[in-house]
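Since the structure comes first, as structure tokens, the remarks are kept for the end.
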Amino acid sequence: MRCGKGIAGLSYSMISPTQTSIESGIRSVEDPQLCFVGQEQPIMPIEIQDHKPVVEALRDREQELSQLINMVPSHLWRLTPEGEPTFFNKRMVDFLGLDVPDMDRRGKSRLEMLVETVHPDDAAEFRDTLNRCLVSGEHFTMRYRLRRADGLYRWMSSRAEPMRNHAGRIVHWYGLCHDIDDQMHAEEALRRSQQQLQQMIDAVPVRIWSITSLDDPVYFNKRYQDHFRAVIADFEAIEDPRIETLLQELIYPEDAPEVQRTLLNCFESGRGTVMRFRWLEKDGAYRWAECRVEPRRDQDGTIVQWYGVSLDIDDEVRAQEALRNRERELSLLVDMVPSNLWRLTPEGETTLANKHMADFLGVDLQDKRQLAVVFDTIFHPDDVDAVSDVLGRCLKTGELFSMKYRLRRHDGVYRWMSGRAEPLRAPDGGIVQWFGLCHDIDDQVHAEEALRRASEQLARATQAASLAELSASIAHEVNQPLAAIVANSQACHRWLSAAPPNVERAKITAERITRDANSAADVVSRIRALFRQAPQTRSSEDVNHLIGEVCRLMADGIAAKGIRVETDLEPNLPPVALDRVQVQQVFLNLVRNGVEAMDGAMVDGARTLQISSRRDAIDAIRIEVRDAGTGFEHAERVFEPFFTTKQNGMGMGLAICRSIIESHGGRLWMANNETRGATVAFTLPLKASESS
Ligand code: ADP
């Protein structure tokens with residue numbers, strides 16, 4: 001008898017055919033030659049002395065073994081040397097829904113029936129392998145799918161070994177197969193997830209590497225390997241590539257030492273890092289990359305692996321660089337533009353001033369606090385109210401800001417500026433910020449002022465010249481009757497002094513004196529009539545509009561003298577038929593007189609020129625120019641031709657004004673104010689008249 005290890009690790013003993021067999025000792029096993037032994041001692045041939053107890057013992061034993069075989073959680077089977085099944089344990093019968101005897105009823109061989117229980121995809125291999133083993137006597141080992149009674153296939157791991165007789169001939173094949181379906185599915189799922197992971201690692205547009213220690217070869221994902229293959233000629237020849245060697249090949253020479261240092265630091269300190277460097281591409285160009293390195297630690301915190309992810313950030317870096325250059329260019333442009341640029345919040349707080357403006361004001365651009373209050377201190381005291389009024393209105397309404405004002409330069413000098421600002425709006429219409437620009441027009445203002453003074457002087461000179469001409473002709477006209485009056489007076493004197501006095505002749509001479517005096521008076525009347533009877537070119541005009549024009553014309557000159565103009569104009573006044581140029585001259589003259597009366601060191605307090613227009617009760621429009629100047633000193637003489645208290649005055653202004661207004665059917669008069677200054681007023685009738 002031979003003993004050996006068998007299926008499921010059970011010991012079995014074999015009884016040779018010559019030994020006494022125990023008849024149907026193990027019926028369900030159907031083979032008296034095999035006994036399975038659960039205990040250590042093998043079953044020995046039993047000498048039959050007392051037949052009954054032995055049979056009983058054998059039956060118990062048989063039952064025990066049968067139970068064991070059927071309960072073992074695997075399929076057990078036995079084949080003939082030719083591969084015909086001769087035994088299935090109960091589990092296998094239950095699984096297949098088929099017992100060995102059932103296999104004989106189908107007209108096929110048992111082996112064929114057995115092969116049919118195997119999945120069609122595995123059947124050919126199963127048959128071939130089994131046949132090969134049956135012929136060669138090799139162990140049969142295979143994984144295949146076996147059909148369950150309900151038609152479902154489950155993976156089995158099967159193994160069979162031959163049992164030989166003493167002559168070495170195979171007498172049986174004993175097989176075992178156990179259900180590994182769950183394990184196979186788990187392995188399959190694992191394989192699939194590994195595959196997916198690998199695919200993902202290869203597909204993600206990043207290059208990934210990992211190492212266990214610095215001396216170990218590096219793992220590179222496919223993208224990395226492709227990259228190396230593309231740029232390193234003999235990459236395939238490098239066995240066990242080390243990270244340092246490869247980085248040297250790949251990284252821009254200037255960046256390589258820093259990368260190496262950072263990596264070493266990182267490995268030494270055990271802390272991850274982020275590096276940026278340029279790497280070589282297959283076209284020979286270098287591109288920017290960002291590499292993030294992180295350690296993986298086990299439960300004890302020991303580093304077991306290092307991972308690195310490298311990303312191509314070249315486009316991003318170049319875009320950032322381009323953006324930085326653009327920003328530099330724009331800020332250079334903003335700073336170099338020869339004008340002052342500024343930005344305000346919708347509430348009016350300064351958030352930016354260009355270099356030009358900062359240099360002009362002498363403020364530090366970096367000092368946000370200084371910038372925020374800068375607008376409170378830089379305006380000329382006379383302009384600050386006007387600017388804050390206008391700016392405040394614009395911030396509230398969103399209107400464009402545009403005005404002239406004086407700004408204090410860093411050296412304390414005020415210079416005229418022309419400022420403009422526009423709001424930047426969000427798509428919903430709300431104001432996001434205000435952008436403003438102001439440029440220095442001081443030289444221009446002074447040039448204009450000089451020009452204005454020059455043209456004024458010229459006008460005066462022209463006036464003086466024409467006046468000289470006029471005076472000459474008046475003198476000539478008046479001279480003749482005056483000379484005649486003088487001659488006739490003397491003659492009259494002589495006639496009356498004669499003895500006896502020649503009264504008759506004296507009377508005639510006196511009549512001549514009267515005639516000549518009348519003729520002199522006529523000359524003067526004719527001159528006055530000159531102004532009154534000037535050709536009438538009247539048009540229907542809006543007086544307020546006319547006032548506005550004159551104010552604008554004189555605005556710079558008035559402001560330059562530090563005088564404020566306040567207007568109080570009644571809206572919707574009816575138009576008046578008038579000679580536009582003449583009335584403009586009147587108004588211009590009155591404004592200039594008012595300004596000149598306030599222009600001087602003697603006048604202190606607010607220098608305000610108030611101009612008003614309103615409809616008068618007598619169906620006329622009344623215009624007043626009220627100043628805060630010196631007031632009239634010789635009110636009774638101001639309409640006398642050539643009366644002036646000014647050094648360069650001509651003394652004809654008010655006289656001419658009155659003539660013009662009267663020629664329009666209106667009236668012109670003046671009076672000193674109760675407190676300070678004087679008011680000159682005139683009326684223009686609404687119905688055009690041709691007063692003489
Ligand atoms: P001119 O301005 O050339 O002197 P006008 O006829 O316009 O000639 O004025 C005559 C004078 O009247 C002035 O010299 C000045 O003394 C006085 N005058 C005119 N307007 C005013 C005024 N608004 N306030 C004080 N005095 C004035």
Side-chain angles (χ1 to χ4, degrees), residues 452-471 474 524 527-528 530-532 534 547 550-551 553-555 557-568 581-613 622-664 666-683:
R452 198 184 53 77
R453 269 202 300 272
S455 68
E456 239 173 52
Q457 277 167 6
L458 194 71
R460 281 184 197 282
T462 319
Q463 255 180 328
S466 43
L467 200 68
E469 238 172 67
L470 189 71
S471 309
I474 295 170
V524 174
I527 292 166
R528 285 193 70 203
L530 251 184
F531 296 108
R532 283 202 297 269
I547 295 172
V550 173
C551 287
L553 203 72
M554 299 193 68
I558 295 174
K561 289 190 164 66
I563 292 167
R564 255 161 85 91
V565 176
E566 281 177 10
T567 49
D568 173 19
V581 177
Q582 281 188 351
V583 175
Q584 250 184 354
Q585 270 174 4
V586 169
F587 196 63
L588 207 97
N589 202 63
L590 299 189
V591 170
R592 188 184 295 141
N593 276 350
V595 168
E596 283 172 353
M598 285 190 281
D599 184 27
M602 315 74 85
V603 178
D604 41 46
R607 297 175 173 196
T608 314
L609 193 72
Q610 293 167 308
I611 300 166
S612 64
S613 69
R622 173 179 171 148
I623 293 148
E624 282 186 10
V625 178
R626 183 187 174 90
D627 63 58
T630 52
F632 289 94
E633 285 169 42
H634 307 281
E636 70 292 349
R637 297 193 59 198
V638 291
F639 291 113
E640 279 179 22
F642 309 115
F643 172 78
T644 179
T645 57
K646 299 171 191 167
Q647 215 173 6
N648 302 315
M650 207 174 297
M652 285 295 285
L654 285 176
I656 294 172
C657 287
R658 181 178 254 182
S659 295
I660 291 173
I661 294 304
E662 283 176 358
S663 78
H664 280 77
R667 213 160 60 80
L668 186 143
W669 70 99
M670 29 58 60
N672 281 334
N673 300 332
E674 274 180 18
T675 47
R676 205 175 55 184
T679 301
V680 184
F682 64 89
T683 54

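Remember, predicted model here, so these are calculated numbers, not experimental data. Counting convention: from 1, in listed order, for ligands and their atoms alike.
Between the side chain of D627 and the backbone N or O of A678 there is at least one donor-acceptor pair closer than 3.5 Å.
Residue contacts with ligand 1, taken as heavy atom pairs separated by less than 4.0 Å, do not involve L590 at all. Using a 4.0 Å cut-off between heavy atoms, V680 makes no contact with ligand 1 at all.
Of all the heavy atoms in I547 and S613, the pair that sits closest is CD1-CB, 4.0 Å. Of all heavy-atom pairs spanning F643 and V638, the tightest one is CD2-CA, 3.8 Å. Across every non-hydrogen atom of E624 and A681, the tightest pair is CG-CB, 3.6 Å.
I656 places none of its side-chain heavy atoms less than 4.5 Å from the side chain of V586.
Within the listing of ligand 1, atoms 12 (O), 17 (C) sit less than 4.0 angstrom from a heavy atom of V638. Within ligand 1, counting atoms from 1 as listed, the ones closer than 4.0 Å to a heavy atom of T644 are 1 (P), 4 (O), 14 (O). Heavy-atom contacts of A597 reach the following atoms of ligand 1: 24 (N) (cutoff under 4.0 Å). Each of the atoms 7 (O) of ligand 1 lies under 4.0 Å from some heavy atom of N589.
Comparing heavy-atom distances from atom 16 (O) of ligand 1 across V591, T645, N593, L609 singles out T645 as nearest. The closest heavy-atom contact to atom 11 (C) of ligand 1, among the options F632, F639, F643, comes from F643.
In this structure, G629 does not count as a contact residue of ligand 1, since none of its heavy atoms falls inside 4.0 Å of the ligand.
Listed by chain and residue number, N673 satisfy the side chain to side chain donor-acceptor pair (under 3.5 Å) test with T679 (two or more places apart in sequence, or in another chain). Under the salt bridge (charged side-chain N to carboxylate O under 4.0 Å, His left out) criterion, E640 pairs with R637, sequence neighbours left out.
Ligand 1 has no nitrogen or oxygen under 3.5 angstrom from a nitrogen or oxygen of A655.
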